[in-house]
Protein chains: 2
Amino acid sequence: MVDQGGARGGQNGPMQTETTTSTSGGGPCAPRRGRPRSEAAEQAIVAAVERLMEEGTGLAELSVERIAAAAGVGKATIYRRWPNKEALLVDVVARLEEQPEPVLNGVGVRDSLIAMVDDIRRRGLAKRSRWALKAALGQLEGWPELRQLYKERIIQPRRELAREIIRRGVAEGVLRDDIDIELLTEMVIGPILVRAVLWGEGPLDDDGLAEQMVDAVLTGAGVRPSGGESH
Amino acid sequence: MVDQGGARGGQNGPMQTETTTSTSGGGPCAPRRGRPRSEAAEQAIVAAVERLMEEGTGLAELSVERIAAAAGVGKATIYRRWPNKEALLVDVVARLEEQPEPVLNGVGVRDSLIAMVDDIRRRGLAKRSRWALKAALGQLEGWPELRQLYKERIIQPRRELAREIIRRGVAEGVLRDDIDIELLTEMVIGPILVRAVLWGEGPLDDDGLAEQMVDAVLTGAGVRPSGGESH
DNA sequence: AATTTACGATACGGACCCGTCTCGTATCGT
DNA sequence: ACGATACGAGACGGGTCCGTATCGTAAATT
């Protein structure tokens, strides 16, 4: 007996009926006779959801009525575009975060790692990102579609980027090759994530934090038998 | 005075009106005339909440009606003990996790760290703990009382324990003294938390994982200039 | 001009929830 | 025996929410 909590609809997607959206050369086979859909309304809806996120609205408080009111839009205008609330949120999450910066390949591995950690740090300061991450961790339980999408769109690209950097580090002899790639990744991003997400209070505004963390992880927490104390 | 999210009642606590609970020699000044409260009912209620947690019920789906049904109990029986849903959940969270194992002081620092990380790993395998952690991270937003209690009861003791072990490690010369204690802590618990909570999928059933992680963090992810590869 | 579709606003039905209250029954004290 | 209290079950009022339907109006095609 699953399905507790009310049978959410299946399909998602912006339900683009070939109208206004995606003016980019799509196939306008049928120009539709009546009044076209307002592009502005669509943007206002998405923007309203994002603004509500930034203001700290919990997923429970994020009702369609509230979204419509915040966007200055009728409820029907939302349901004309998305079949249900889930699809709307899926869509918003999908366009929530642009892909992470490609990280120039010419840069050294250490700098790449620092850039990545610093990216997480800065995102941890952004309320919108925190909302999404927390929602994904907690509230999206029992909401598999949204959680899945969040993983695909947000988590996976970053994880892949991290893996790539770290693989390069191993290849260049900067990172140890006797540690599992996954573990290396977790070592690098673990500290900043603990501070940014788990404790949610640690100071994140130090610009040198990422560098400090990466160096600490590279060098290790244990006292080095041969190398002298650095200070 | 934040109080966003709808003015929840103030007080909490099991509302023990000197009845059945705490038979431990309390002051039974007034033995109450009528039928005493059923200890079994109280346990059944708490057990039901915990069971629902383990089954993955989200905080939103965790309604009083559902709890009562799962416990085989009338709603009034719940409201006779706790003034509202929040108080019930606060109480359940409060008794959710026993304090972490004290970690024998005679044990070496490395073994203590491994024990701590392994504790997190094993908890990560326990659904109940995952539920609580995820709920704390995401759903308890806008529910300050519960979140606060979770931090006090669950997070703080473990964080304190970690700090103590690491402080000992620094004192004994096993851990570097030129790295901030907070950062050292985050380095140690970060990797396992990323695997257990954030990605939520990484393998946790390897008994040697904790040891592997701790050693990796102690030694560092970077290639050691002088020391040979350890294996 | 006629038609067709979208728009904002809002009413509606069905569902769920919270917290209270009422049943008839069970179990205590006196 | 009797009054007091707890019990399970469930009705109830007030509320929120989702998703649909209905307004009168606005903007496009034909």
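Keep in mind that this is a model prediction, so the values were computed, not measured. Note on naming: letters A, B, ... go to the chains in the order of the sequence lines (proteins, then strands), and numbering restarts at 1 for each one.
Atom NZ of Lys85(A) and atom P of dC18(D) are 4 Å apart (whole Å). For the pair Glu86(A) CD and dG19(D) C1', the computed distance is 14 Å after rounding to whole Å. Distance, Ile78(A) CD1 to dG19(D) P: 11 Å, rounded to whole Å. Straight-line distance from the CD1 atom of Ile45(A) to the C1' atom of dG8(C): 12 Å, rounded to whole Å. Spacing between atom CH2 of Trp82(B) and atom P of dG19(C) amounts to 14 Å, rounded to whole angstrom units. Atom CD1 of Ile67(A) is separated from atom P of dC18(D) by 8 Å (rounded to the nearest Å). Here the P atom of nucleotide dG14(D) and the CG atom of Asn84(B) are 21 Å apart, to the nearest Å.
Of all nucleotides listed (dT20(D), dA6(D), dG8(C)), dT20(D) comes nearest to the side chain of Tyr79(A). With distances taken from any side-chain atom of Arg37(A) to the nucleotides dG19(D), dC7(C), dT30(C), the minimum falls on dC7(C). The Glu65(B) side chain lies nearest to dC17(C) when the options are dC17(D), dC17(C), dG19(D). Listed candidates were dA6(D), dG19(C), dT3(C). Nearest to the side chain of Arg80(B) is dA6(D). With dC7(D), dC17(D), dT30(D) as the choices, the nucleotide that has an atom nearest any side-chain atom of Arg33(A) turns out to be dT30(D).
Ion pair Arg195(B)/Glu182(A) not flagged as a salt bridge, since none of the NZ, NE, NH1 or NH2 atoms sits closer than 4.0 Å to an Asp/Glu carboxylate oxygen. A salt bridge between Arg81(A) and Glu42(A) is present, with a side-chain N of the basic residue lying under 4.0 Å from a carboxylate O of the acidic one.
Arg168(B) and Ser112(B) share a donor-acceptor pair across their side chains, judged by distance under 3.5 Å alone. Donor-acceptor pairing under 3.5 Å is lacking for the side chains of Gln156(B) and Glu160(B).
Residue Arg35(B) places none of its side-chain N or O atoms closer than 4.0 Å to OP1 or OP2 of dT25(C). Taking side-chain N and O atoms only, Ser38(A) has no distance below 4.0 Å to OP1 or OP2 of dA6(C). For dC17(C), the OP1/OP2 oxygens have a side-chain nitrogen or oxygen of Arg66(B) closer than 4.0 Å.
Proximity of Asp119(B) to Met116(B): side-chain heavy atoms (C-beta onward) are nowhere separated by under 4.5 Å. In this structure, Asp180(A) and Thr185(A) have side chains that are not in contact, with every pair of non-hydrogen atoms separated by 4.5 Å or more.
Nearest heavy atoms, Arg121(A) versus Asp207(A): NH2-OD1, 3.2 Å.
Two residues, Ala76(A) and Val64(A), neighbour DNA chain D, and the one matched to the more 5' nucleotide by heavy-atom proximity is Val64(A).
Judged by distance alone with a 3.5 Å cut-off, a donor-acceptor contact links the side chain of Lys75(A) to the base of dG19(D).
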Dot-bracket for DNA chain C, please. Rules: Watson-Crick or G-U, both distances under 3.5 Å, ( ) within the strand, [ ] when a pair crosses earlier ones, | for another strand, . otherwise.
||||||||||||||||||||||||||||||
